[in-house]
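The structure under discussion appears below in the form of structure tokens.
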Amino acid sequence: MTETLTLAKAVNAALADALEGDDRVLLMGEDIGQLGGVFRVTDGLQARFGAQRVIDSPLAESAIIGTAIGMSYRGFRVVTEIQFDGFIYPAFDQIVAQVAKLRYRSRGRVSMPLTIRVPYGGAIGSVEHHSESPESYFAHTAGLRVVTASTPQEAYSTLRAAIASDDPVLFFEPKGKYYTKGEVDRSIVRDLETANVVASGRDVTIAAYGPTVETALRAAIAAADEGIEVEVIDLRSISPLDVDTVVESVQRTGRLVVTHEAPAEASVSSELITSVVERAFSSLEAPPERVTGYDTPYPPSAVEHDYLPSLDRLLDAVDRTLGRRNSRTELDYASVMGAAR
Amino acid sequence: MTETLTLAKAVNAALADALEGDDRVLLMGEDIGQLGGVFRVTDGLQARFGAQRVIDSPLAESAIIGTAIGMSYRGFRVVTEIQFDGFIYPAFDQIVAQVAKLRYRSRGRVSMPLTIRVPYGGAIGSVEHHSESPESYFAHTAGLRVVTASTPQEAYSTLRAAIASDDPVLFFEPKGKYYTKGEVDRSIVRDLETANVVASGRDVTIAAYGPTVETALRAAIAAADEGIEVEVIDLRSISPLDVDTVVESVQRTGRLVVTHEAPAEASVSSELITSVVERAFSSLEAPPERVTGYDTPYPPSAVEHDYLPSLDRLLDAVDRTLGRRNSRTELDYASVMGAAR
Amino acid sequence: MSITVPAPDPALAAGLDCPLRVLDLDGTRLHDPLLDAHLGDIDESALADLYLDMVRVRRLDTEAFALTRQGHLVLWPPLLGQEAAQVGAARSLEQRDWVFGSYREHGFALLRGADMAEFARIWKAYAHGGWDPHEINMAPSQIIIGAQSLHGVGYAMAAKMDGSDEVALTAFGDGATSEGDVNEALVWASAFQAPVVFLCQNNQYAISEPVAVQSGGLPLALRPTGFGIPSMRVDGNDVLAMLAAGRIAVERARAGGGPTFIEAVTYRRGPHTTTDDPKRYRDEAEVEAWVAKDPIDRVERALERMGVDMDPVRAEAKVRADRLAKEFRAAAEHAEPPAAEEIFDNVYAQPSRRLERQRAEHLAFVASLAEESK
Amino acid sequence: MSITVPAPDPALAAGLDCPLRVLDLDGTRLHDPLLDAHLGDIDESALADLYLDMVRVRRLDTEAFALTRQGHLVLWPPLLGQEAAQVGAARSLEQRDWVFGSYREHGFALLRGADMAEFARIWKAYAHGGWDPHEINMAPSQIIIGAQSLHGVGYAMAAKMDGSDEVALTAFGDGATSEGDVNEALVWASAFQAPVVFLCQNNQYAISEPVAVQSGGLPLALRPTGFGIPSMRVDGNDVLAMLAAGRIAVERARAGGGPTFIEAVTYRRGPHTTTDDPKRYRDEAEVEAWVAKDPIDRVERALERMGVDMDPVRAEAKVRADRLAKEFRAAAEHAEPPAAEEIFDNVYAQPSRRLERQRAEHLAFVASLAEESK
Ligand SMILES: Cc1ncc(C[n+]2csc(CCOP(=O)(O)OP(=O)(O)O)c2C)c(N)n1
Ligand SMILES: Cc1ncc(C[n+]2csc(CCOP(=O)(O)OP(=O)(O)O)c2C)c(N)n1
Ligand SMILES: [Mg+2]
Ligand SMILES: [Mg+2]
């Protein structure tokens, strides 16, 4: 049975079903109870499951994660919410030095089946700290699984898998897509490591995740008009990456564009490109391209559309991989780089 | 005039000269005063400059950085110490959301001429959290400069440059090399963005930084025995990377090995390789190789030498880039990967 | 091994049972020995000035709120109801002192002289920062809850190191008291006896969460006492009490007496921000009860009781508030959006080659789009 | 608007002026109404058991210290001088309760039954964790200062949610009180009335920094009172006082009375760790003064005063301590080092393809080295 849900409602449904199905599942975060979250993602859950299982917490991210760790020792599966991407950093130590390491440190004796939900990404016209994409920090951290979703179905199924997993999972929710609707079949089960090929093509591969998957699909449609076949891969898992699927695709297309909203430097796209180069170097017919946020802090949202990956920037990158005329064809770096040298 | 100093003493000398030269320079950190730091790097500085300028702080990393920010508003140039790599995470929010962004946020009106000293790296036989290499997190963060040093001279000159810079700088000190001696000329001035070619060669380029530079140089010597010329680049600046210098080298050698102690995933080596591929794809004769820490938490130090880049692992990677027989020549991945699928 | 704890001076934890107040709801001037000593100079004209300040602050707030509803600003966190807390505290400072506040400190920004045209740009999402911090001695507004408290303490430590008698004030909300940073700020302020004033505006909510979620129902002003920091719990809707408490704290700091914590007990009558729906978590009746404690009405009544003819005062207030509203509206409506290229500015003091490449690529990309659409 | 603060029950902030003590330095049994009520069952034999515990803990510590000097362990953070603080508190718990401590909690580990062979492996850097947490109800030792305090509070919240009367104790040092995490732990414990015991072993130093650097000279036991958490400042070298304080805290927690904070005023007589040189920051005389307050001597004297023939007790203690030392030394000398391949184990519950590739590559590399050296 399928139903039409927004991505936000799909998350809500996954949380409700997890709470319903396992009484060791708990929700904890700021404003998630009475208010139902600033995006209403947890709407109705406290009323339905009680304030003991859907906990409005004090305003302290390190403590949200730190106390959830303590609860995990007692066998709870805590789903914590960090209200916005930009507010996860106070919890960084508890996430990278504790959550990520407790299984390792205890040689498998302590499980941290914690899920950390983080609405992330931009294009929502908001103010500072509300539009960031911090996933690369966590991708660099061994011991964490980092996943995201591009559709309501993926949100539902991936979040269920995250909560069921005995590994700690950061579940990044593309907040700019919260109100996107789609069909959801609650019986579809997904894992935490496999990428989806969401459009097939033989000329260029675009690997995307979360909010950029839709843009990539639009790029595939636009490119098709010019006779270019774009294969689009929804990575789903940001760490570990499903490099196999991307390599298999690149072996066919010979060309790769990786896109995400996060800055490029030492990021998920750096990793994916390097991994593909390591394993499919001889298949590559052009250097892989990145279409990402620039290496600046997230700008004022008045100009965020210049900062974020866009359809046109993706198409331009596709053109670059194909050696077609593109925005950099006549770019003379030497002449424009006065300031930096 | 040169003098022979250990790397630790070179850092001490840089701090002393900075304190001497500018009375707005302050030092702040845990145990840096009376004790002179757990590595004695700040030995004698409190006695010489007073407890007002070499401040033993309470035990709170977020506050060390947060109060240093406040002091920066008043024109101080604060050199903070984080006692060990693994203790920087409680300060993560203040570093990535505050220090890194204040210039941007204020449109250039607020400067953060802060230096954050961090002893990092392994091979010291210590216990958990004392041997990490967290630099990739900061490389991913726009607005920060991230530098390191491989010799006493570089430590002296780079730290002086860091303190003099109006940008916030993370200065990663390779603690495993603190007792390495070298000649130091205090008049040598270095910038914060240029890599050094420390050995020339035309077959393979190894890019290294901090503690791995010495290993890379040893690899160059060992390879020379087999008639292979290795060019070694000491990156010095981890962010931004001096991609130009590496590209120029790879254009000659066609082969690249990148090495650091930090885990590989979404790291500085991912970035460097991706950047080089973007700009020197057609020069590459083999896929670039990484020799890094594995994607696990830092292991118990009894086995750290298996985890860390070693001379043999570097030489093996050099062999791979040259298509020579190497450890993976007969590796059949499919047959060994039962557990993960 | 015995350590003697300083005798609990009532002035060191005043108002815990009942917040300090010197203006009653009906405008009666109440007497409080602690606060009165710091209000000797407040005559009718000084009180009228505070009235003018509050009216202007409120007008700025309501104008901005309306502008947001009309689509001219992207977001606004209203301070309606908190005018006395901000005006009283702000007026206890000198201009040479520094303020480190949150996103709701519009009153401080206005009174310290923030350029309204620049200020409006923050809430249009045209800029992250809205004034020159070094011009008005106020750090950019802070969205990361509590982070600024450490900056305030650091600034105060630096002022002390300089031998200056300048003071830092850091403002934050009730919710912020749960964050590690605010507590570390208390540790450091106490350890270094930093000349800092902690102003906690307890407006009863952190978004939807009533303050009891943070504190378990205890007064927030109790907290600093455990760090050895003197504390006052003040009626935050009483501008005179806030002024006096601020002065006590500022004078203590200037004189080398270290930090003070002020809990201003007040109420956020509007939504958390313009995107919030407070009906989901509180009753209209609760809001009404706080309307009756309005900080501005109270001063009007006090001035009347003092025999002041309010008509010219109100008229003057209206003129000045209108002028401010007009100025702010014009700023909001006509602000120049940033050029996209500004994305690449001010990341580093010393531009990096990496970023200059990205700038060049971006400009080339924009040019290519323009080309195409020709 | 008035909130009533709970009347300051002396039991809620006891010992601030002078730490609570029931055993004087010369072994005299002092009387303290608060503590005595919880020591009714402590006869000669019970006190002798505590003595045995302390002797064993000390012996483990000194043996490990020696083993480090001899190169069998890589590092050791000694607890010499803190035996009473740990034994008293540990013995106030039931085995079903949980402990979340730092790297210096060897006393807790021993008394809760940690396997010594596994324990030794931590300090040989053979393993990060040294016992099965679910077997002895004690989390792996924690090096990140203060982080475990939140884990303890979370565990206690979970126990309460389960309707269990189990209790969590979290132990940390004086330095840890400055970290945001410990303060957030106090906020949460207070807000949720978690059944948790905060044990702060104030051993006067955080590495080289005297406790005054953290607190500005105020007793650390003052801190929790600002969070509404009852607190006791206890002579941490008095095992009976520690036991009684622990029992008060544990009973309160079990009965639904929420958290309690205990500051154990004690002294770290050894270096911070075996790599530290305390001569750089403190006088020998200071150490000597604390030797005179030795926690074990004091109990010996008390037992003697009670008329106990100490010879057999001492003999028994020696036998058991020797046995423990032997067991630990054997463990330290003969522990099996980890296989290098363990680097790749236990990163994930569900192995990842990425890491299995790396494992395969590493094994191939190791094999190739072996090949070469043939
Ligand atoms: C570190 C962090 N966590 C969460 C948020 C989201 N957030 C914004 S305002 C707010 C409530 C703040 O409450 P309070 O401190 O009482 O200040 P008020 O808004 O009432 O003025 C929250 C949770 C944030 N901005 N920063
Ligand atoms: C977050 C963090 N910062 C710094 C350190 C380094 N460090 C290890 S022990 C220590 C002092 C701890 O003092 P205290 O809390 O009093 O405990 P004690 O060692 O005296 O038992 C410090 C600074 C650390 N382990 N973790
Ligand atoms: Mg509030
Ligand atoms: Mg200590």
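In the text below, chain A, chain B and the rest are named by the order of the sequence lines, each starting its count at 1.
Taking the side chain as every heavy atom from C-beta outward, A:Phe87 and C:Ile143 approach each other to under 4.5 Å. Counting heavy atoms from C-beta on, the side chains of C:Leu355 and A:Thr296 come closer than 4.5 Å. Counting heavy atoms from C-beta outward, C:Trp123 and A:Val127 have side chains that approach closer than 4.5 Å. A 4.5 Å side-chain heavy-atom check between C:Ile207 and A:Glu30 finds every atom pair outside the cut-off. A heavy-atom distance below 4.5 Å is not found between the side chains of C:Tyr281 and A:Asp31. A:Arg40 places a side-chain heavy atom less than 4.5 Å from the side chain of C:Asp277. Taking the side chain as every heavy atom from C-beta outward, C:Arg280 and A:Asp43 approach each other to under 4.5 Å. Side chains of C:Val366 and A:Asp306 form a contact here, defined as non-hydrogen atoms less than 4.5 Å apart.
Neither the backbone nor the side chain of A:His305 comes within less than 4.5 Å of any heavy atom in chain C. Residue contact with chain C, scored on non-hydrogen atoms closer than 4.5 Å, involves the backbone and the side chain of A:Glu61 alike. Heavy-atom distances place the backbone of C:Ile122, and not its side chain, under 4.5 Å from chain A. Both the backbone and the side chain of A:Ser301 come within less than 4.5 Å of a heavy atom of chain C. The part of A:Ser126 that comes within reach of chain C is its backbone (N, CA, C, O), which places non-hydrogen atoms under 4.5 angstrom from that chain. For A:Ser310, the part sitting under 4.5 Å from any heavy atom of chain C is the side chain, from C-beta outward, and nothing else. Residue contact with chain C, scored on non-hydrogen atoms closer than 4.5 Å, involves the backbone and the side chain of A:Ala264 alike. Contacts of A:Glu265 with chain C are made by both backbone and side-chain atoms, with heavy-atom separations under 4.5 Å. In this structure, no portion of A:Phe84 lies under 4.5 Å from any heavy atom of chain C. In this structure, chain A has a heavy atom under 4.5 Å from the side chain of C:Val74, while its backbone stays farther away. Using a 4.5 Å cut-off between heavy atoms, C:Ile343 touches chain A through backbone and side chain atoms alike. For A:Leu331, the part lying near chain C is the side chain, with the backbone staying farther off; criterion is any non-hydrogen pair under 4.5 Å.
Taken to the nearest 0.5 Å, the CZ atom of A:Arg325 stands 10.0 Å off from the CD atom of C:Glu372. Separation of atoms CD (C:Glu179) and CG (A:Leu59) is listed at 5.5 Å; rounding is to 0.5 Å. Here the straight-line distance linking atom CG of C:Leu369 with atom CZ of A:Arg313 works out to 10.5 Å at 0.5 Å rounding.
Most heavy-atom pairs under 4.5 Å with chain A: of the set C:Pro337, C:Ala127, C:Ala367, C:Ser215, this distinction falls to C:Ala127. Taking C:Thr275, C:Val347, C:Val182 one by one and counting their heavy-atom pairs under 4.5 Å with chain A, the maximum is reached by C:Val347. Highest contact tally toward chain C, considering only A:Thr329, A:Val38, A:Asp56, is held by A:Asp56 [criterion: heavy-atom pairs under 4.5 Å]. Among C:Gly175, C:Ala125, C:Ala176, the residue making the largest number of heavy-atom pairs under 4.5 Å with chain A is C:Ala125. Note: C:Ser208 leads C:Ala339, C:Ser208, C:Ala364 in heavy-atom pairs under 4.5 Å with chain A. Per-residue heavy-atom pair counts under 4.5 Å with chain A were compared for C:Arg121, C:Glu342, C:Glu361, C:Glu371, and the maximum is reached by C:Glu361. The choice from A:Gly33, A:Gly36, A:Ser57 that makes the most heavy-atom pairs within less than 4.5 Å of chain C is A:Ser57.
A salt bridge does not link A:Asp295 with C:Arg359: every distance from a Lys NZ or Arg NE/NH1/NH2 to an Asp or Glu carboxylate oxygen is 4.0 Å or more.
A cation-pi arrangement, defined by a distance under 6.0 Å to the six-membered ring centre and an angle within 45 degrees of its axis, is present between C:Arg357 and A:Tyr333.
Under the side-chain hydrogen bond (donor to acceptor under 3.5 Å, both in side chains) criterion, A:Arg320 pairs with A:Glu289, A:Asp316, sequence neighbours left out.
With hydrogens and angles disregarded, a donor-acceptor distance shorter than 3.5 Å links the side chain of C:His128 to the backbone of A:Tyr298.
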